[in-house]
Amino acid sequence: MILVNEPLLNGNEKKYLSTCIETGWISSDGPYVKEFEEKFAQFIGVKHAIAVCNGTVAIELALAAIALQPGDEVILPSHTIVSCPMGILRRGGVPVLIDVDPHTWNLDVNQLKDKITPRTKAIMPVHIFGQPCDMDPIMEIAEQYGLYVLEDAAEAHGAEYKGRKCGSIGHLATFSFYANKIITTGEGGMVVTDDDRIAEAARYYRNLCFQPQQRFLHRDLGYNFRITNLQAAVGLAQIERVDELLNIKVNQGRLYTYALQDVPGVRLQKTEDWAKPVYWVFGLLLDDDVPFDASTWAKMLLNEGVQTRPFFWPLHEQPVFQEMGLFKNESYPVAEKIARRGLYVPSGMGLKEQDQITVSEIVKRTLKGITY
Ligand SMILES: *Cc1c(COP(=O)(O)O)cnc(C)c1O
């Protein structure tokens with residue numbers, strides 16, 4: 001069986017973890033947290049990085065840091081993980097959806113303006129599968145309407161848009177370090193920004209809204225979103241060799257692209273001229289004339305020993321949000337289609353080249369003679 005994800009932990013992870021145990025620094029009050037934050041900020045090219053316990057809460061913290069108020073609207077694509085609208089809803093905000101582009105599977109910038117209202121506070125582009133969103137027009141619209149841009153870069157560590165790192169372009173950005181992400185801490189996340197005020201607010205809300213002068217006097221409702229020194233130890237070991245890790249990912253992407261780009265019946269995620277993607281996962285989309293959908297295809301592939309994962313299910317079709325009366329009668333045809341016709345093949349950091357060749361051959365075999 002070729003697994004969809006296997007992490008690679010063969011740097012200094014073990015050594016730094018041992019140091020945590022030996023020194024007793026196991027909570028968030030340990031030296032690796034700051035070191036990891038500094039190295040990560042340097043890598044992305046931003047002034048501040050605030051480490052947290054996962055990528056989901058990083059989004060909620062980011063929204064707290066820009067003072068999202070009840071009733072404030074945030075525009076985001078329907079094709080993304082539930083973490084994005086969750087953070088908005090937990091702060092009392094309103095998620096407002098747009099569709100994605102049929103080729104890049106990233107938010108369709110042309111649909112943004114129609115969804116802007118006086119209550120719009122932010123736009124949340126998600127660099128899906130490590131493919132950068134078209135940030136220039138997003139930033140232009142944001143400036144024109146006085147909106148924040150919060151990049152969800154959970155899948156895009158090291159990806160570049162016109163030579164700039166994803167996560168350094170918007171007013172703030174979030175990352176995840178879950179075990180299947182490009183840099184991992186097991187569970188973990190980060191908020192990054194160049195803005196001193198946003199960074200200060202994020203640190204404040206991360207840590208129970210303790211105050212520097214009177215620690216136990218609270219003026220706001222905060223969170224405990226702290227990361228442990230143990231997690232940061234793993235993160236530091238990962239960020240130290242990030243160039244090597246990114247090389248692995250880019251080579252994986254190239255190999256799959258070369259092997260699969262001309263296979264009848266299947267389409268790859270489009271890379272624009274200005275994009276340097278990092279191929280977090282390698283997605284495949286079935287053409288319309290293939291007579292089965294992605295869930296059937298996933299079973300066929302599994303029978304041949306290839307584990308896959310489906311694409312995100314559209315937010316507007318989620319039972320939990322329907323129950324809440326959200327997104328009633330809304331339709332985003334591209335998000336609906338790619339959810340049903342797309343899956344991603346094994347893409348983990350620990351994936352071997354030979355396994356990629358095997359996966360590509362099995363993909364071709366399952367599609368042979370299907371479309372003509
Ligand atoms: C993984 C992911 C998250 C959430 O991160 P967790 O660390 O799993 O909470 C958020 N957004 C996107 C786009 C992701 O892929």
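These numbers were taken from a predicted model, which means no experiment stands behind them. Both ligands and their constituent atoms are indexed starting at 1 by order of listing.
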> Roughly how far apart are Asp99 CG and Ser331 OG, rounded to 0.5 Å?
Replying inline: 7.5 Å

>> Under a 3.5 Å threshold, yes or no: a donor from one side chain and an acceptor from the other, between Asp108 and Gln111?
In response: yes

> Can you tell me the protein heavy atom closest to atom 14 (C) of ligand 1 and the distance?
Replying inline: Lys181 NZ, 3.2 Å

Show me the donor-acceptor pairs, under 3.5 Å and distance only, between side chains in residues 36-43 and residues at least two apart or in other chains.
residue: Glu37; atom: OE2; partner: Ala51; partner atom: N; Å: 2.8
residue: Glu37; atom: OE2; partner: Arg206; partner atom: NH1; Å: 2.9
residue: Glu38; atom: OE2; partner: Lys34; partner atom: NZ; Å: 3.2

>> Can you report which non-hydrogen protein atom sits closest to atom 15 (O) of ligand 1, along with the distance?
In response: Glu155 OE2, 2.5 Å

>> Within the structure, is a non-hydrogen atom of Ala58 found at a distance of less than 4.0 Å from ligand 1?
In response: no

> Does ligand 1 have an atom under 4.0 Å from some heavy atom of Gly189?
Replying inline: no

>> Applying side-chain contact (heavy atoms from CB on, under 4.5 Å) to Val359 and Phe282, what does each step give before you reach the verdict?
In response: CA-CA 11 Å; Val359 167; Phe282 204 85; over 6 Å; no

> Which of the atoms in ligand 1, numbered in the order shown and given with their element, are less than 4.0 Å from a heavy-atom of Gly55?
Replying inline: 4 (C), 5 (O), 6 (P), 7 (O), 9 (O)

> Got the closest protein heavy atom to atom 9 (O) of ligand 1, with its distance?
Replying inline: Thr56 OG1, 2.5 Å

> Should you measure from each heavy atom of Gly188, which atoms of ligand 1 turn up under 4.0 Å away?
Replying inline: 7 (O)

>> Check this for me - ligand 1, Ser176, N or O atoms closer than 3.5 angstrom, yes or no?
In response: yes

> Would you say Asp152 and ligand 1 have an N/O pair spaced under 3.5 Å apart?
Replying inline: yes

>> Could you check whether Gln238 and Thr185, counting side-chain N and O atoms only, form a donor-acceptor pair closer than 3.5 Å?
In response: no

>> Applying a heavy-atom cut-off of 4.0 Å, say which part of Ile81 lies close to ligand 1: side chain, backbone, both or neither.
In response: side chain

>> Please evaluate residues Phe311 and Phe129 with respect to the criterion ring-ring contact (aromatic ring centres under 6.0 Å, His included), reporting the C-alpha separation (whole Å), side-chain torsions for both, the decisive distance (0.1 Å), and the verdict.
In response: CA-CA 10 Å; Phe311 283 12; Phe129 302 160; 5.0 Å; yes

>> Within the supplied structure, the quantity of interest is the number of heavy atoms (other residues, nucleotides, ligands) at a distance under 6.0 Å from Arg365 CZ; does it exceed 12?
In response: yes

>> Need the ligand 1 atom indices (1-based, order shown) with element for anything under 4.0 Å from a heavy-atom of Val126.
In response: 13 (C)

> Is it the case that Arg91 places NZ or CZ above or below the six-membered ring of Tyr205, under 6.0 angstrom from the centre and within 45 degrees of the axis?
Replying inline: yes

